[in-house]
Amino acid sequence: MASEKSVWDSNIAFVLAMIGSAVGLGNIWRFPNVLYSNGGGSFMIPYIVSLFILGISFVLVEYAVGFKFKTSLSKIFFTIKPRLEPIAWFIILVVFLITTYYVCVVAWDLIYVALSLTKAWGANPDLFFTVNVLHASDSLSGIFTIVPWVFISVFLVWLSSWAIVQKDLNEGIGKVSKILLPVLVLIVIVIVAFSLTLPGASIGYTQIFTPDWSALTNLNVWLAAFGQIVFSLSLGMSIALTYASYLPEDSKLTDNALIVAFSNSGFEVFNAIGIFSILGFMTLTSGIPFNELVTEGTGLAFVVFPKVFNVMGPWASVIGPLFFLCILFAGLTSLIALLEVASFAISEKFGFSRRKSATLVCVVGFCISCLFAT
Ligand code: PFF
């Protein structure tokens, strides 16, 4: 069966799906650490420069290529030169493998949405994460032991992603982005507003506005800024290219690229104000130095934040679940975009329906992700 040609039914669906693809774990738990470790306030200068020099122009290039060719990365490379096609498939494979891991991180977060309702991680969140959640062990034998909760959660995340991606473009990705993105923004507004009322918040947020000008002469600071823009805008993963290939003829590419790039950066800077304020509160109440709290990734979300919720009092049972829901929604909207890359490429290559290629990608992906559930 020939694959049906999907087209966005509105520009807002495309823009929200694009922002959803960009706003992800990188914005929430990577950016604050990158900002803090690279000069605080003065980091905004290399960050804005890289947003303009690399971010906006790279998004525009991906849009232009997808919009012009209206097909998948592999078909575009083939059209340019047949010998280039394997390179495209290699890129698609890498994006797919990243997806299989990204699912697991979102799955851990899903577990924490439930745990946060009762602060079930107890007095030692560090140990709880490695022992009770991950069942981490030093020996290789653990690779054959499935961790039931992680497995169930990984399955649920794959199932929901499949349910979205296999649907018609507008009914699935379009509709979900229109719902999840506004909810995500609302949650972050609530968290940031609340965090600013916490005692000690200023210990945290002043870090964002206090520049260390000497950092600007450090090449690594500039590299970190460019790295953050690449990660956060999901550049080079052919997501923007894939989504732009579904645009109708009269679309305004430059306007869309600017909206997406600014929204993504606006989101991460705004979110960082909340994260820093909450960490400032923790420094004040627990005496742990601020620099020890600004970790990144799973350490920040699944260890430091549970510790904060342990000392936050009754509000923790509201802010805790909201915080993990925020990561869940941001992760899910990025996940469906990552999946769409492989799914679209397969449907274009073999003429499969949207549903068939999405199912294939999700089944294979789930099997690979199971390795991470051991
Ligand atoms: N931009 C998204 C994020 O910041 O989480 C999605 C993403 C970026 C996924 C980079 C994977 C990746 F390697």
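Atoms within each ligand, like the ligands themselves, are counted from 1 in listed order.
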By side-chain hydrogen bond (donor to acceptor under 3.5 Å, both in side chains) - contacts of Lys75 (at least two apart): none
Phe302 and Tyr112 aromatic ring geometry - parallel, tilted or perpendicular at 30°/60° bounds: parallel
Check against ring pair (Phe, Tyr, Trp, His ring centres under 6.0 Å), Phe155 and Phe366: CA-CA 7 Å; Phe155 176 74; Phe366 171 65; 5.6 Å; yes
Heteroatom proximity flag, Phe231 to ligand 1, N/O under 3.5 Å: yes
Distance-only N or O hit between ligand 1 and Leu338, under 3.5 Å: no
Close-contact set for ligand 1 against Ser232 heavy atoms, below 4.0 Å: 1 (N), 4 (O)
Any Met237 heavy atom less than 4.0 Å to ligand 1: yes
Backbone or side-chain N or O of Val23 under 3.5 Å from ligand 1 N or O: no
More than 12 heavy atoms from other groups under 6.0 Å of CH2 on Trp149: no
Test of ring centre spacing under 6.0 Å for Phe52 and Phe262: yes
Donor-acceptor contact below 3.5 Å, side chain Ser353 vs main chain Lys356: yes
Which of the ligand 1 atoms, numbered from 1, are nearer than 4.0 Å to a heavy atom of Asn27: 4 (O)
Closest candidate by heavy atom, reference atom 6 (C) of ligand 1, pool Gly331, Ser234, Gly236: Ser234
Proximity flag Ser21 to ligand 1, non-hydrogen atoms under 4.0 Å: yes
